[in-house]
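Below: the structure, in structure tokens.
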Amino acid sequence: MTNLGDLEIFAKVVSTGSMSLAGRALGFSPAVVSKRIKRLEDRLGTRLLQRTTRQISLTEAGQGFYDRVLGILAGLEEAEFYISGRSAQMHGTLKISAPTSFGRMHIAPHLTAFMQAHPALAINLVLTDEFSDIIGGGFDLAIRIAELTDSSLVARRLAPVRRLLCASPDYLAAHGEPRHIDDLKHHRCLPAHNNDTWRLTGPDGALSLRPDGMLITNSSEVIREAVISGLGIALRSTWDIGEELKAGRLVQVLPAYEGSHNVTLSAVYPSRQFLPAKVRLFIDYLTELYGPVPYWER
């Protein structure tokens with residue numbers, strides 16, 4: 001009988017397109033991965049992968065085998081999910097990448113409840129404002145706030161993202177409130193990163209602005225503090241400034257304009273067909289937690 005571990009290695013090589021990346025994700029050296037793939041091919045009596053110096057691709061037999069292997073692995077995960085659901089014991093480590101501010105504000109405070117429900121499951125939460133290499137970094141999933149483009153990754157929408165133009169009452173008292181989008185040229189604007197383009201949706205459709213920033217920083221959190229303290233006008237997400245809007249420490253300006261509606265809060269992971277139960281559990285947890293109208297907007 002074929003070793004189940006060989007099937008997992010084969011599936012990982014195909015999904016990553018690289019023996020070295022597959023080995024890194026599974027904790028094996030490329031040499032071990034190559035040896036296990038060859039052992040699998042020898043046992044089956046057929047070549048599954050075409051290898052060149054630049055890429056790895058499936059043979060016709062390999063494609064059919066891969067499709068069936070995914071079903072086997074998915075069935076095993078479902079079986080483990082059934083047992084773990086009955087015993088409330090999900091084992092292993094769940095490695096997650098998330099944006100720094102969002103992770104601190106809207107993931108970290110909710111980890112306790114999730115981990116209490118699954119006490120045998122460890123969490124490795126990596127906060128970064130860069131897009132992590134999910135496969136190369138060995139992540140199970142990543143939380144992303146962006147306009148997602150087509151890729152080999154699978155994205156599941158967790159919640160809508162609304163971004164508003166806002167300023168403090170003190171700033172507006174001192175500099176006046178803009179009445180038209182062109183008035184922003186005469187105001188202090190605070191792009192999240194120097195020279196960032198603001199992509200907005202307004203009464204006439206989509207438009208882009210490149211405001212001149214008086215404050216140069218690579219930190220979105222610095223811009224957040226700057227707009228609250230009255231330094232200028234910023235484009236911020238409601239998940240970031242919801243409490244300040246409710247308390248009146250910030251005021252929405254130019255309400256006819258919002259950030260592009262193509263930006264979403266999503267969970268991104270490598271494969272729809274072979275989704276580990278621990279990943280599904282965490283995504284379901286966040287989806288229920290945030291809801292169609294996220295709690296930061298209620």
Side-chain angles (χ1 to χ4, degrees), residues 1-84 90-98 121-126 128 131-144 148 150-156 266-283:
M1 181 179 293
T2 300
N3 186 297
L4 182 60
D6 290 346
L7 299 184
E8 292 177 324
I9 291 173
F10 169 69
K12 185 64 70 174
V13 169
V14 175
S15 66
T16 61
S18 164
M19 291 196 182
S20 60
L21 289 178
R24 190 183 309 169
L26 296 172
F28 298 129
S29 69
V32 169
V33 172
S34 179
K35 181 178 180 180
R36 297 283 289 271
I37 293 295
K38 185 178 185 307
R39 183 175 74 178
L40 179 61
E41 289 178 328
D42 289 345
R43 177 174 178 79
L44 296 173
T46 188
R47 181 176 292 277
L48 301 173
L49 300 172
Q50 296 285 4
R51 306 166 181 83
T52 69
T53 56
R54 292 182 176 272
Q55 65 179 4
I56 292 176
S57 60
L58 285 165
T59 63
E60 182 178 355
Q63 181 64 63
F65 186 68
Y66 177 64
D67 293 341
R68 288 157 178 79
V69 165
L70 286 180
I72 293 169
L73 296 176
L76 178 61
E77 285 291 327
E78 289 296 332
E80 291 181 351
F81 181 72
Y82 169 75
I83 294 299
S84 63
M90 182 63 64
H91 296 270
T93 298
L94 180 63
K95 189 175 182 181
I96 307 161
S97 172
L121 181 63
I123 300 291
N124 182 353
L125 177 61
V126 178
T128 175
F131 273 14
S132 299
D133 180 352
I134 296 180
I135 295 172
F139 291 96
D140 294 294
L141 76 155
I143 306 301
R144 290 188 175 165
L148 296 180
D150 292 338
S151 73
S152 59
L153 301 175
V154 181
R156 177 170 163 185
S266 302
V268 180
Y269 50 93
S271 173
R272 187 190 308 275
Q273 293 175 293
F274 182 36
L275 181 62
K278 60 186 178 182
V279 176
R280 182 187 296 111
L281 276 175
F282 192 71
I283 292 175

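Values below: every heavy atom of this structure, side chains too, minus hydrogens, waters and symmetry copies.
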Can you sort out the partners of Gln50 under side chain to side chain donor-acceptor pair (under 3.5 Å), two or more places apart, ordered by chain and number?
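Expected list: none.
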Is there side-chain contact between [X] and [Y], with at least one heavy-atom pair below 4.5 Å?
X: Asp42; Y: Leu40; answer: no
X: Ile96; Y: Phe282; answer: yes
X: Val268; Y: Ile134; answer: yes
X: Ser266; Y: Ile143; answer: no

[X] side, atom [atom1]; [Y] side, atom [atom2] - distance, nearest 0.5 Å:
X: Leu125; Y: Leu94; atom1: CG; atom2: CG; value: 9.5 Å
X: Ile37; Y: Arg47; atom1: CD1; atom2: CZ; value: 11.5 Å
X: Arg24; Y: Met19; atom1: CZ; atom2: CE; value: 15.0 Å

Hey, does the side chain of Thr59 reach the backbone of Leu48 with a donor-acceptor pair shorter than 3.5 angstrom?
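Yes; judged by distance alone, with no hydrogens or angles, the pair exists.
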Indicate yes or no for a side-chain donor-acceptor contact from Ser18 to the backbone of Ser20 under 3.5 Å, with no hydrogens or angles considered.
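Side chain of Ser18 to backbone of Ser20, a donor-acceptor pair under 3.5 Å: yes, one is there.
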Using salt bridge (Lys or Arg N to Asp or Glu O under 4.0 Å) as the criterion, list what pairs up with Arg39, not counting sequence neighbours.
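For Arg39, the residues satisfying salt bridge (Lys or Arg N to Asp or Glu O under 4.0 Å) (neighbours in sequence not counted) are Asp6.
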Do you know which of Val13, Val14, Leu7 makes side chain to side chain contact (heavy atoms under 4.5 Å, CB included) with Tyr66?
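Between Tyr66 and the candidates, side chain to side chain contact (heavy atoms under 4.5 Å, CB included) is satisfied uniquely by Val14.
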Show the nearest heavy-atom pair for residues Asp140 and Lys278, with the distance to one decimal.
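Smallest interatomic distance, heavy atoms only, reads OD1-CE, 3.7 Å.
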For residues Val33 and Gly23, report the shortest heavy-atom separation together with the two atoms involved.
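Minimum heavy-atom contact is CG2-CA, 3.6 Å.
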Begin from the C-alpha positions of Ile283 and Tyr269 and carry the test side chain to side chain contact (heavy atoms under 4.5 Å, CB included) through to its verdict.
CA-CA 10 Å; Ile283 292 175; Tyr269 50 93; 3.7 Å; yes
Check: Phe65 ring centroid to Phe10 ring centroid under 6.0 Å:
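Yes; Phe10 has its ring centre under 6.0 Å from that of Phe65.
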Ala25: side chain to side chain contact (heavy atoms under 4.5 Å, CB included) partners, not counting sequence neighbours
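Lys12.
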Between Val32 and Lys35, does a side chain to side chain contact (heavy atoms under 4.5 Å, CB included) hold up when you go through it step by step?
CA-CA 5 Å; Val32 169; Lys35 181 178 180 180; 5.6 Å; no
Check the pair Arg51, Glu41 against salt bridge (charged side-chain N to carboxylate O under 4.0 Å, His left out), reporting the backbone distance first and the verdict last.
CA-CA 13 Å; Arg51 306 166 181 83; Glu41 289 178 328; 3.1 Å; yes
